[in-house]
Amino acid sequence: MMEHKPVLLAACARLLGYPGEDFQEMKEELLAAVQEEMKDNELASRFGQAAEAIFSVPPKELQEIYVWTFDWKEKTGLYLTAHELGDSRERGAALILLQHIVRDAGFMMPSGELCDFIPLLYELLAVRSDNVHVRALELRLAAATERIRKHLSEDSPYSRLLNFLMTDVFEVPTEEEIRMLESKRESADLDELPYPILFGMDGTDRSDSGLPVYKTCDGMEV
């Protein structure tokens with residue numbers, strides 16, 4: 001894993017969390033933490049531009065965009081096994097297996113959250129890349145992230161962030177890897193769902209589902 005990848009994964013995970021009431025408050029600390037950890041100023045600048053595109057949107061408008069983009073649209077949803085298996089019955093077994101991987105890695109999930117929530121898995125990869133099962137998730141996350149990026153409208157405030165993830169954090173999956181992902185997914189005609197995908201298994205309010213704090217090597221929290 002490249003030296004800069006853990007802090008960038010954790011920072012991107014923060015930006016892809018639901019923009020609650022305290023979302024804007026983390027801006028300065030987040031950008032400062034990334035700047036401090038980055039030896040590559042150009043890379044830090046690209047991340048800052050992607051973050052600014054999100055932070056610049058008024059809070060209420062950003063919440064509406066987030067729900068419409070990530071909760072109501074299957075192709076830009078934030079759940080890994082949904083991208084891999086669609087509406088397949090195999091998704092339940094895949095979630096159980098993933099839950100074991102997350103727990104065996106010693107990673108604490110927020111109460112009520114599904115274990116395949118992609119920002120959560122970014123955080124897991126950031127802190128436990130030494131775990132062979134966690135490392136194996138990287139290709140899966142890259143393929144799902146690329147699928148989201150491809151289906152995100154160019155004028156979305158999240159577009160720059162997804163582009164950043166695929167140009168500066170993950171390696172772009174090959175066409176064969178993308179085909180393998182798509183071959184497992186059942187066509188479910190869920191492009192615009194009649195109901196939102198629940199943020200957590202029990203539908204708990206988003207304000208109670210903050211992402212875990214990622215601590216850098218010098219103790220700084222991201």
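The first residue in the sequence is number 1, and the count goes up from there.
- Applying the salt bridge (Lys or Arg N to Asp or Glu O under 4.0 Å) definition to pairs two or more places apart or across chains, none involves residues 99-108.
- Between Val102 and Leu121 there is a side-chain heavy-atom pair separated by less than 4.5 Å.
- Annotation for Gly48 and Leu31: closest pair CA-CD2, 4.1 Å, computed over non-hydrogen atoms.
- Side-chain heavy atoms closer than 4.5 Å link hydrophobic residues (I, L, V, M, F, W, Y) into clusters, and following such links, even through other members, never connects Leu80 to Leu139.
- Two residues are said to be in side-chain contact when any heavy atoms from C-beta on lie closer than 4.5 Å; Val169 and His4 fail this criterion.
- Between Val7 and Phe47 there is no side-chain heavy-atom pair separated by less than 4.5 Å.
- Within the 4.5 Å cutoff, no side-chain heavy atoms of Phe23 are placed close to those of Arg14.
- A donor-acceptor pair is defined here as one N or O able to donate and one able to accept, closer than 3.5 Å; such a pair exists between the side chain of Arg128 and the backbone of Ala105.
- If you take SG on Cys115 and CG on Leu98, they are separated by 4.0 Å, rounding to the nearest 0.5 Å.
- Within the 6.0 Å centre-distance limit, the rings of Phe70 and Tyr158 are counted as a close aromatic pair.
- For the atom pair CZ (Arg46) and CG (Leu8), the distance works out to 10.0 Å, reported to the nearest 0.5 Å.
- Smallest separation of non-hydrogen atoms from Leu161 and Cys12: CD1-SG, 3.6 Å.
- Remark: the backbone N or O of Asn41 is not paired with any side-chain donor or acceptor of Ser45 at under 3.5 angstrom.
- Put simply, the side chain of Val127 does not reach to within 4.5 Å of the side chain of Pro6, judged on heavy atoms.
- When all heavy atoms of Tyr66 and Gly17 are compared, the pair lying nearest together is CE1-O, 3.4 Å.
- You'll find the side chain of Leu15 reaches within 4.5 Å of the side chain of Leu30, heavy atoms only.
- Separation of atoms OG1 (Thr81) and CG (Leu95) is listed at 4.0 Å; rounding is to 0.5 Å.
- For the pair Thr69 (side chain) and Ile65 (backbone), a donor-acceptor distance under 3.5 Å is present.
- Closest approach of Gln35 and Ala44 over heavy atoms only: OE1-CB, 3.6 Å.
- In this structure, Leu85 CG and His83 NE2 are separated by 11.5 Å, a value rounded to the nearest 0.5 Å.
- Within the model, atoms CD of Glu138 and CD of Glu171 stand 7.5 Å from one another, a figure rounded to the nearest 0.5 Å.
- Here the shortest heavy-atom pairing between Arg91 and Leu114 reads NH2-CD1, 4.4 Å.
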Check against salt bridge (Lys or Arg N to Asp or Glu O under 4.0 Å), Arg147 and Glu84: CA-CA 10 Å; Arg147 184 172 187 249; Glu84 295 176 328; over 6 Å; no

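- Counted by atom type alone, Gln99 and Asp116 present zero donor-acceptor pairs between their side chains at under 3.5 Å.
- Between Ile148 and Leu78 there is a side-chain heavy-atom pair separated by less than 4.5 Å.
- Between Phe117 and Tyr79, the ring planes lie tilted relative to each other; the angle falls in the 30° to 60° range.
- Pairing each heavy atom of Ala126 with each of Ala10, the nearest pair is CB-N, 4.2 Å.
- Judged by distance alone, the side chains of Tyr122 and Thr145 do bring a donor and an acceptor atom under 3.5 Å apart.
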Steps toward side chain to side chain contact (heavy atoms under 4.5 Å, CB included) verdict (Leu120, Phe107): CA-CA 10 Å; Leu120 245 178; Phe107 195 72; 3.3 Å; yes

Distance-only donor-acceptor pairs under 3.5 Å for side chains of residues 53-61, two or more places apart:
| residue | atom | partner | partner atom | Å |
| --- | --- | --- | --- | --- |
| Ser56 | OG | Glu52 | O | 3.0 |
| Ser56 | OG | Ala53 | O | 3.2 |

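- Interatomic distance, CE of Met26 versus CD of Glu28, reported as 11.5 Å (0.5 Å rounding).
- In this structure, Leu125 and Leu137 have side chains that are not in contact, with every pair of non-hydrogen atoms separated by 4.5 Å or more.
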